[in-house]
Amino acid sequence: MSMFCYQCQETAKGQGCTVRGVCGKTSDVSNLQDLLIYLLKGISLYSTEARKLGVENDKVNVFVMDVLFNTITNANFDKEFFINRVKEALEIRDDIKNAFVNAGGNVEKINHDSALWRSNDRDEIIEKSEKVGILQTENEDVRSLRELITYGIKGMAAYTEHAHNLSYEDKSIHGFMQEALAATLDDSLTADDLVALTLKTGEYGVKTMALLDEANTSTYGNPEITKVNIGTRNNPGILVSGHDLKDFEELLKQTEGSGVDVYTHSEMLPANYYPAFKKYDHFVGNYGNAWWKQDKEFESFNGVILMTTNCLVPPKASYRDRVYTTGAVGFEGLTHIEKDENGKKDFSQIIEHAKKCEAPIEIEKGEIVGGFAHDQVFKLADKVVDAVKTGAIKRFFVMAGCDGRMKSRNYYTEFADKLPNDTVILTAGCAKYKYNKLDLGDIGGIPRVLDAGQCNDSYSLAVIAMKLKEVFELEDINDLPISYNIAWYEQKAVIVLLALLHLGVKDIHLGPTLPAFLSPNVANVLVENFGIAGIGEVESDIEMFMNGTK
Ligand code: SF4
Ligand code: SF3
């Protein structure tokens, strides 16, 4: 075994990647990511104690958040980057240790290896990276809960970073992330303690998604019903993928008048729904589908691609020179656009490159409709409530989450297609690409697929559910005619799931497979307390949901 990673749904044999990631991550990179998470825990031991003495260190907050995001599935594959990150981690750890001591802290009581080990030697760093990791925790239930919390925190870090990029911050979220990381080293915590911490992670997940929602809507306006063009024009283009709206805005501004068009890909599609971006005539629409189709779609796009976050697939040689990264993303040999000292990103190199490219090859024509975040749905509330009261809408299906390569995910296309015509799908995240071009029609003008936006906009779906509960004067959110059939892939889906559990949502079905990191006992806790279940066959699942059984 040269590595061990089981953080995503596509993990090898549904158990763990042990030689090379199915995602393309090499064992070197996987081990270095493990070492970094280990060091973040060491940093967090100091910062959590220091915080109790009134020390808040912004450098630590930003570093922990950034590195967690770097280790999310399909974000960063660059070995040298991670070696440098390890060296930086040791410096940051020294800083916070000194601040702790200066505030009167007793450094003697912090004696975990993650807080003490150090080396600036490349070989020693690599050697250490092979010794630390997930399997260090021997008890499989404790390991399962520690990883569940860590993956939730990774998703939380990603959303925190997007809010941070728009200058929205809540220090308590940083405090919680570090406290939780430190807690995963604490051998005195029982499985029950860790279950409680898992639920608290969900509580902070809600806080984080609410903060990001506020950041996005205050900066760019509330998403509104939008017909998104999926065809192409004849100018060269830049295709922007990932989740970062600030990067998207910067690029739109800098491409104005350049003769280069801008398109969204995968999780950037919801940028089309924001009022602030509609004024740009060179913003054409969305090109292609979910992340995993990028090997074909980046090729036919012909222009330049900017990856602002995951999901990056190791690029093929045929289009590799046209892919640029920024933010948490990285890949050896690709140009990475950094912020300057004023926090601005200069995309002129990308724009000049794009000007020399051919226009995209059109792979689809027409329009898709989206923009159903909470504010827009509230504006339609009377219509929706009437439709439920008259029986025109029998049931809502939350089908948010992720898309992925596995054939078993065709379940979701078939499921959406076979749902009765009196049902409405509420979606967010890249899972929508499994059914957003099926022309499922509408119910009295309400489209049968309501897309709230990115995976973080799953928060919007929860807000909508809470509003419906209020309108129908129900005691319990679970009494609504809403079923949850969620597809997961990476760690952002983990924080979304934990957030929904915190809001009291029960009987969530999760697929296409349950996470490999859930031990049988931990899975049982989720089944017994929250009714979490997997998926079965399309027809019988639809029948079960429509009968209101779980
Ligand atoms: Fe395997 Fe997923 Fe980890 Fe990649 S992120 S190494 S596919 S478990
Ligand atoms: Fe997709 Fe990676 Fe999860 Fe944001 S882009 S939902 S998989």
Side-chain angles (χ1 to χ4, degrees), residues 1-34 37 69-77 133-135 147 150-151 154-156 158-159 161-162 209 212 240-245 264-271 288-294 297 307-314 327-329 399-406 409 412 427-434 436 451-459 461 486-497 510 512-513 515-518:
M1 193 186 289
S2 51
M3 61 178 273
F4 185 79
C5 179
Y6 62 176
Q7 67 175 353
C8 85
Q9 189 273 327
E10 291 186 356
T11 195
K13 300 189 183 117
Q15 292 173 346
C17 296
T18 56
V19 183
R20 186 190 170 92
V22 173
C23 59
K25 184 163 83 175
T26 60
S27 56
D28 292 356
V29 168
S30 182
N31 293 333
L32 286 162
Q33 289 184 350
D34 287 347
I37 295 291
F69 200 170
N70 290 141
T71 67
I72 278 188
T73 301
N74 292 339
N76 204 310
F77 298 82
I134 298 160
L135 299 177
E147 294 310 311
T150 305
Y151 304 150
K154 287 189 184 195
M156 192 184 296
Y159 295 151
E161 177 143 338
H162 292 305
M209 283 191 272
L212 179 53
V240 189
S241 196
H243 304 69
D244 199 89
L245 296 181
T264 55
H265 187 260
S266 190
E267 272 286 71
M268 198 52 83
L269 159 65
N289 296 276
W291 65 272
W292 61 278
K293 292 193 174 168
Q294 67 188 248
E297 293 171 355
M307 294 299 308
T308 67
T309 71
N310 61 321
C311 281
L312 173 69
V313 174
V329 200
M399 290 180 71
C402 309
D403 197 7
R405 290 171 267 240
M406 282 186 168
R409 288 181 187 265
Y412 295 102
T427 193
C430 65
K432 63 172 92 42
Y433 288 100
K434 277 281 181 274
N436 68 347
D451 178 23
Q454 298 179 334
C455 48
N456 41 288
D457 296 309
S458 301
Y459 169 74
L461 302 180
I486 290 179
W488 82 284
Y489 171 58
E490 33 75 331
Q491 299 77 54
K492 296 182 194 181
V494 176
I495 194 61
V496 171
L497 174 73
L510 203 60
T513 52
F517 55 81
L518 295 182

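Bear in mind the structure is a predicted one, so any value in this text is a computation, not a measurement. Both counts, for ligands and for their atoms, begin at 1 and track the order of listing.
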Which ligand 2 atoms are under 4.0 Å away from a heavy-atom of [X]?
X	value
C455	4 (Fe), 6 (S)
N310	2 (Fe)
C430	1 (Fe), 5 (S), 6 (S), 7 (S)
Y489	7 (S)

(message) Using heavy-atom distances only, which candidate in G155, S266, C402 approaches atom 3 (Fe) of ligand 2 most closely?
(response) C402
Spatial distance of atom [atom1] ([X]) from atom [atom2] ([Y]) [nearest 0.5 Å]:
X	Y	atom1	atom2	value
F69	K154	CZ	NZ	12.0 Å
M3	D28	CE	CG	10.0 Å
D403	W292	CG	CH2	6.0 Å

(message) Restricting to N/O/S atoms, is C311 within less than 2.8 Å of atom 1 (Fe) of ligand 2 or not?
(response)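 C311 does not place any N, O or S atom closer than 2.8 Å to atom 1 (Fe) of ligand 2.
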(message) Under 4.0 Å, heavy-atom basis, I'd like to know which part of E490 is in contact with ligand 1: side chain, backbone, both or neither.
(response) neither
(message) Below 4.0 Å, non-hydrogen atoms only: which portion of H243 touches ligand 2? Side chain, backbone, both or neither.
(response) side chain
(message) Is the shortest side-chain heavy-atom distance between C455 and H243 below 4.5 Å?
(response)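 Yes; the side chains approach each other to less than 4.5 Å.
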(request) Assess C17: does it contribute an N, O or S atom lying under 2.8 Å from atom 1 (Fe) of ligand 1? (result) yes
(request) Please work out whether the ring planes of W291 and Y489 are parallel, tilted or perpendicular, with thresholds of 30° and 60°. (result)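 Rings of W291 and Y489: parallel, as their planes differ by under 30°.
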(request) Decide whether the shortest distance between a heavy atom of R20 and an atom of ligand 1 is less than 4.0 Å. (result) no
(request) Using distance alone, with no hydrogens and no angle criterion, decide if Q33 and K25 have a side-chain donor and acceptor under 3.5 Å apart. (result)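 Q33 vs K25: donor-acceptor pair found between side chains.
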(request) Provide, to 0.1 Å, the distance between atom 5 (S) of ligand 1 and the closest protein heavy atom, together with that atom's residue and name. (result)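 Its nearest protein heavy-atom neighbour is T73 OG1, 3.3 Å.
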(message) Any N/O/S atom from C8 (main chain or side chain) under 2.8 Å of atom 3 (Fe) of ligand 1?
(response)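 No, outside the cut-off.
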